[in-house]
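Before any comments, here is the structure.
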Amino acid sequence: MNKLTLETLERWLWDSADLMRGHIDSSDFKNYIFGLLFLKRANDQFVEEANIAVTDDGVSLEEALLDEDYHQFFIPHEAYWSELTKKTENIGQALDKAFSLIEEHNPQLEGVMTAVHFGDTEKLPDSLLQRLLQHFNKYSLANEHLDNPDILGSAYEYLIREFADDGGKKGGEFYTPKEVVKLVVNLIKQQAGNSVYDPTCGSGGMLIQSANYIKSHGGVVGKFVDASLYGQEKNLSTWAICKINMIVHNFKDSDIRKGDTLSSPKHLEDGELMTYDRVIANPPFSLKKWWANAEIDIKQDEKGKEIAPKYNSVVSDEYGRFKYGIPPRGYGDLAFVQHMVSVLKNDGRMGVVLPHGILFRGGTEGKIRTGMLQDDIIEAIVGLPEKLFYNTGIPASIIIINKSKSKNLKNRVVFIDASSEYKDGKNQNTLTTENISKIVDSYDRLEDKSKFMRIVDMSEIKENDYNLNISRYIDTSDEEIIIDIKATMEDIQELEVKEQEIDSKLNGYLKSLGVLNETV
């Protein structure tokens, strides 16, 4: 039997989305497809594990199917794929019950399988669900039928990327382009044994790329990557996708929590925030109303207009994360940054993708930026090209924070203008491998490069009132051409003389041909 290749797997899985077109919004495809994908994979793996137990331990197949010790995930009989594919009516309700039973038997999946509901017959009629189940029945996802153990994780990443493309602007809510992620990962350089944390983890791409980076640099113990992955995600369905993503990638030491990271961080030890070796994130750009507790009871004036709460007076954080100041209600960027700084170990490094505005906006944000610079924790600013992201066309920046800078970077900040480093695309630009290498190599060498990179002393930044706008420190304008007026006038006079000579010759030819009279 031929093994299932990545190319075939990707095409097969994406075809399942085409079956749903016209029934539900394309931005919702992912929730249903990922649920069915995991259900099929879990069932095929469950049967494979039972057969291995029969061969290795000499037990009967019935015993192997009933003994939870033989399985990574235990599947109760009503959730068997073979049973579900027999259904001809009320299929959505049967799937919902199957997912609920799987969660009951597998506490590590609590809330993951039931994050999406199949029982809405208006969206998902029995005829559609039958076609979907038949489509997923085409191939086995057991390990023995896969070309290699990693292709399921690769196919999952492919689907997430394709759903982001298909969802357009909504895609940016759960997916950061992999090239941007790769750049940030290569800048902060995770190491074997590191704990890595993403406070706005979406579908988990930054954590997975971090683990892959560690793996590619030899950080593997047995079959597992030598890293501990932590994340928190507010959106329930995206959180569920991230949990499944970690499972299909076989990242055993991952801890993904659900909830609002700013108002309710979930990773605590003895009531204190946990800390990490590496922190990485692409928070929602300029999130408004970012402190949930302040938005619960909004008052109105006499005309019914909302009275916006003043965050400086209403935000009170029991974890002391906002030591540099309280960001304004309309811009949550530096709230996320301060949370990340608070959970970063003293010898840790972090990379965060943010809109350019945080580099130069004044007011409270300016005070926060000033405090961070005076504490000398900002190591680098990388300006990115425009149109890299799904949910905005504006250019963004990467901020690298290091609480223990090397001696040669003390009281200095690295500026890189990578705004021209991209491959042009119709709807969206991309970073190429060469673009990423140029940025990372320059950062590693720490050598000034005209119009691209410059290491700036803090004294100069102070003179600029701690404004970090890249154009203040790197001049990318073309050099002015100095014009010699006297020489230019002489050239013009010479050209005029030549023009008169040409006119005279031309008139002579025309006269000889009888075109012009002698009197002309």
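- Ring centroid separation for the pair Trp290 and Tyr311 comes in under the 6.0 Å cut-off.
- Taking the six-membered ring for Trp and thresholds of 30 and 60 degrees, Tyr276 and Tyr230 have ring planes inclined between 30 and 60 degrees apart.
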Item to check | Residues Arg329, Glu295; criterion salt bridge (Lys or Arg N to Asp or Glu O under 4.0 Å); working and verdict | outcome: CA-CA 10 Å; Arg329 187 188 188 214; Glu295 304 296 335; 2.7 Å; yes

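- Side-chain atoms of Asp465 do not come within 3.5 Å of backbone N or O of Asn467 as any donor-acceptor pair.
- Taking 4.5 Å as the limit, some side-chain heavy atom of Asn31 sits within range of a side-chain heavy atom of Ile241.
- Of the possible donor and acceptor atoms, none in the side chain of His339 sits under 3.5 Å from a partner among the backbone N and O of Pro265.
- Not one N or O on the side chain of Arg41 forms a donor-acceptor pair closer than 3.5 Å with the backbone of Val248.
- For the pair Leu334 and Val337, the minimum side-chain heavy-atom distance is below 4.5 Å.
- The two atoms that bring Lys403 and Asn346 nearest to each other are CB-O, 3.3 Å, heavy atoms only.
- No side-chain heavy atom of Thr433 sits under 4.5 Å from any side-chain heavy atom of Ile436.
- In this structure, the side chain of Arg369 engages the main chain of Tyr466 through a donor-acceptor pair within 3.5 Å.
- Atom CD of Glu272 has 12 or fewer neighbouring heavy atoms from other residues, nucleotides or ligands inside a 6.0 Å radius.
- Taking the side chain as every heavy atom from C-beta outward, Glu162 and Tyr158 approach each other to under 4.5 Å.
- Lys405 NZ: more than 12 foreign heavy atoms inside a 6.0 Å radius.
- Between Leu141 and Leu37 there is a side-chain heavy-atom pair separated by less than 4.5 Å.
- With a 6.0 Å radius and a threshold of 12 heavy atoms from other residues, nucleotides or ligands, Glu460 has its CD atom above the threshold.
- Using a 4.0 Å cut-off between charged side-chain N and carboxylate O, Asp448 and Arg454 make no salt bridge.
- Note that the CE atom of Met206 and the NZ atom of Lys182 stand 14.5 Å from one another [nearest 0.5 Å].
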Checklist entry - So Leu268 and Leu273, side chain to side chain contact (heavy atoms under 4.5 Å, CB included) or not? Walk me through it. => result CA-CA 5 Å; Leu268 306 172; Leu273 293 170; 3.7 Å; yes

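- Side-chain contact annotation: Gln190 with Ser210, donor-acceptor N/O pair under 3.5 Å present.
- Counting heavy atoms of neighbouring residues, nucleotides and ligands inside a 6.0 Å radius, atom CD of Gln300 exceeds 12 of them.
- The local environment of NZ in Lys410 is crowded, with over 12 non-hydrogen atoms from other residues, nucleotides or ligands closer than 6.0 Å.
- The two atoms that bring Ala281 and Asp198 nearest to each other are CB-OD1, 3.5 Å, heavy atoms only.
- Looking only at distances, a side-chain donor or acceptor of Asn148 sits under 3.5 Å from a matching main-chain atom of Asp150.
- In this structure, Phe38 has its ring center closer than 6.0 angstrom to the ring center of Phe73.
- The backbone N or O of Gly111 sits less than 3.5 Å from a side-chain atom of Glu103, completing a donor-acceptor pair.
- Here Ile368 contributes atom CD1 and Ile326 contributes atom CD1; the two are 7.5 Å apart, rounded to the nearest 0.5 Å.
- Taking all atoms of both residues into account, the shortest heavy-atom contact from Ile439 to Ala418 is CD1-CB, 3.6 Å.
- A heavy-atom distance below 4.5 Å is not found between the side chains of Asp333 and Val352.
- Side-chain N or O atoms of Glu306 include none that pairs as donor or acceptor with a backbone N or O of Ala308 at under 3.5 Å.
- Between the CD1 atom of Ile377 and the CD1 atom of Ile401 there is a distance of 4.5 Å, given to the nearest 0.5 Å.
- A donor-acceptor contact shorter than 3.5 Å is absent between the side chain of Gln428 and the backbone of Lys387.
- Considering Phe99, Phe163, Phe118 in turn, Phe118 is the only one that fulfils the ring-ring contact (aromatic ring centres under 6.0 Å, His included) rule with Tyr32.
- Residues Lys266 and Ser264 bring a donor and an acceptor atom of their side chains to less than 3.5 Å of each other.
- Between Leu384 and Leu183, some side-chain heavy-atom pair lies under the 4.5 Å cut-off.
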Item to check | Worked check of side-chain hydrogen bond (donor to acceptor under 3.5 Å, both in side chains) between Tyr422 and Glu179 | outcome: CA-CA 10 Å; Tyr422 65 92; Glu179 297 83 8; over 6 Å; no

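- Here the side chain of Asp120 pairs a donor or acceptor atom with the backbone of Glu122 at under 3.5 angstrom.
- Taking a 6.0 Å sphere around OH of Tyr331, one finds it holds 12 or fewer heavy atoms contributed by other residues, nucleotides or ligands.
- Using a 3.5 Å distance cut-off with no hydrogens or angles, the side chains of Ser406 and Asn408 do pair a donor with an acceptor.
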Next on the checklist: Walk me through whether Trp239 and Val112 qualify under side chain to side chain contact (heavy atoms under 4.5 Å, CB included).
Outcome noted: CA-CA 8 Å; Trp239 165 81; Val112 176; 3.7 Å; yes

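- Contact record, Phe285 with Ala396: CZ-CB, 3.8 Å, taken as the closest heavy-atom pair.
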Next on the checklist: Quick one, Leu373 with Leu468, criterion side chain to side chain contact (heavy atoms under 4.5 Å, CB included). Give me CA distance, side-chain angles, the key distance, then yes/no.
Outcome noted: CA-CA 10 Å; Leu373 286 163; Leu468 293 178; 3.9 Å; yes

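- Between atom NE2 of residue His217 and atom CD of residue Gln191 there is a gap of 10.0 Å, rounded to the nearest 0.5 Å.
- A distance of 10.5 Å separates OG of Ser203 from CD1 of Ile256, quoted to the nearest 0.5 Å.
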Next on the checklist: As a quick check of understanding, evaluate side chain to side chain contact (heavy atoms under 4.5 Å, CB included) for Leu39 and Leu95, giving each step before the final call.
Outcome noted: CA-CA 9 Å; Leu39 179 63; Leu95 284 168; 3.8 Å; yes

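- Checked by atom type and distance alone, the side chain of Asp15 never pairs as donor or acceptor with a backbone atom of Asp18 at under 3.5 Å.
- Nearest approach of Ala211 to Val225, heavy atoms of both residues: O-CG1, 3.5 Å.
- Counting only heavy atoms from C-beta outward, the side chains of Ser254 and Leu207 never approach each other to under 4.5 Å.
- For the pair Asp376 and Arg412, the tightest heavy-atom approach, listed with the atom from each and the gap, is OD1-N, 4.2 Å.
- Side-chain atoms of Gln374 and Tyr324 include no donor-acceptor pair closer than 3.5 Å.
- The side-chain hydrogen bond (donor to acceptor under 3.5 Å, both in side chains) test with Glu157 singles out one residue from His249, Gln209, Lys178, and that residue is His249.
- Seen from the ring of Phe452, Lys438 counts as a face-on cation partner, given the 6.0 Å and 45° thresholds.
- The line from CZ of Phe415 to CD1 of Ile455 is 11.5 Å long, rounded to the nearest 0.5 Å.
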